Amino acid sequence: LWIVSNSWSFSSYLTAVSAASWDDAARIHKEIVQLEERADSLKQDIRRRLTRRSFMPVARQDLIGMLLSQDEIANVAREVSSLVLLRQMPIPEAIRDEFLQFVETNILAVRQTEASVKELDELFASNFRGAEAKLVDGMLEKLDSIESGVEARLFELQAALHAIEPWQVLTSQRPRS
């Protein structure tokens, strides 16, 4: 829930950061903080409403695990956006385009996940059979393809970053006696 509603804010935030538009980044950061706080409220509300006696098509523990995972993503997004803003950490110009393409590919994955999750109700209703099952299978295959694209773009981005900022490799070789 938080991921979908906040993905556009985070994308806009990173676009502002990449352009070094710190006033815009600060304004969008406030939105991110508000969305994260709203997500925390929703999380607490959902946890209160989930009694051990609730009958659901998925295990209660699995649902709570997913809720906690989403909460962790929201918390990390808030922490990262705060850190980038406080330090005014620029996106190096040499990798700016690859970085923004990486962000957009991730947003595409979020949107595809959202579409897949929306189909789950129909899939449950069809007892995991028929046209609905085929539709969800196709959506999940598309999501796998998008995720592969995310991983490929991540590798390309890391390689481009390494090319402009070679990392020092620490070795733990012992002196020979």
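From a predicted model like this one, the values you see are computed outputs, not experimental measurements.
Going from atom CG of L154 over to atom CG of L161 covers 10.5 Å, rounded to the nearest 0.5 Å. Separating the CD atom in Q112 from the CG atom in D144 is a distance of 10.0 Å, to the nearest 0.5 Å. Between the CZ atom of R96 and the OG1 atom of T15 there is a distance of 11.0 Å, given to the nearest 0.5 Å. Residue F10 holds its CZ atom at 10.0 Å from CG of N106, rounded to the nearest 0.5 Å.
F102 and I164 fall within the same hydrophobic cluster, where Ile, Leu, Val, Met, Phe, Trp and Tyr residues are linked whenever their side-chain heavy atoms come under 4.5 Å apart, directly or through other members. Residue V33 is not grouped with residue W22 when hydrophobic side chains (ILVMFWY) are merged at heavy-atom distances under 4.5 angstrom, including chains of intermediate members. Connection of L135 to L140 is not established within any shared hydrophobic cluster, with ILVMFWY side chains joined at heavy-atom distances below 4.5 Å, either directly or through further cluster members. Note on M139: it does not cluster hydrophobically with L143, by side-chain heavy-atom contacts below 4.5 Å among ILVMFWY residues.
Nearest heavy-atom pair across E104 and S11 is OE2-OG, 3.0 Å. Considering every non-hydrogen atom in both A74 and E36, the closest pair reads O-CG, 3.6 Å. Of all the heavy atoms in S18 and I91, the pair that sits closest is CA-CG1, 3.7 Å. Scanning all heavy atoms of the two residues, the minimum distance from I28 to A16 falls at CD1-CB, 4.4 Å. Considering all non-hydrogen atoms of both residues, L14 and L100 come closest at O-CD2, 4.2 Å.
Of the N and O atoms on the side chains of R153 and T105, at least one donor lies less than 3.5 Å from an acceptor on the other residue.
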task: Please lay out, stage by stage, how D40 and Q44 fare under the test side-chain contact (heavy atoms from CB on, under 4.5 Å).
output: CA-CA 6 Å; D40 280 344; Q44 294 303 327; 5.6 Å; no
- prompt: Would E156 and E98 count as a side-chain contact (heavy atoms from CB on, under 4.5 Å) if you check the C-alpha gap in whole Å, the side-chain angles of each, and the deciding distance to 0.1 Å?
  reply: CA-CA 8 Å; E156 292 167 4; E98 286 133 327; 5.7 Å; no
query: What do the steps show when you test L68 against R47 for side-chain contact (heavy atoms from CB on, under 4.5 Å), and what is the final call?
result: CA-CA 10 Å; L68 293 175; R47 289 180 87 172; 4.0 Å; yes
message: Between V17 and M89, is the side-chain contact (heavy atoms from CB on, under 4.5 Å) condition met? List the steps.
response: CA-CA 8 Å; V17 166; M89 298 169 68; over 6 Å; no
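Within 6.0 Å of NZ on K43 lie more than 12 heavy atoms contributed by other residues, nucleotides or ligands. Atom CG of D23 has 12 or fewer heavy atoms from other residues, nucleotides or ligands within 6.0 Å.
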For residues 79-88, please give each side-chain donor-acceptor pair under 3.5 Å, one per line with the distance, not counting sequence neighbours.
{"unit_1": "S81", "atom_1": "OG", "unit_2": "A77", "atom_2": "O", "d": "3.0"}
{"unit_1": "S81", "atom_1": "OG", "unit_2": "R78", "atom_2": "O", "d": "3.0"}
{"unit_1": "S82", "atom_1": "OG", "unit_2": "H29", "atom_2": "NE2", "d": "2.8"}
{"unit_1": "S82", "atom_1": "OG", "unit_2": "R78", "atom_2": "O", "d": "2.9"}

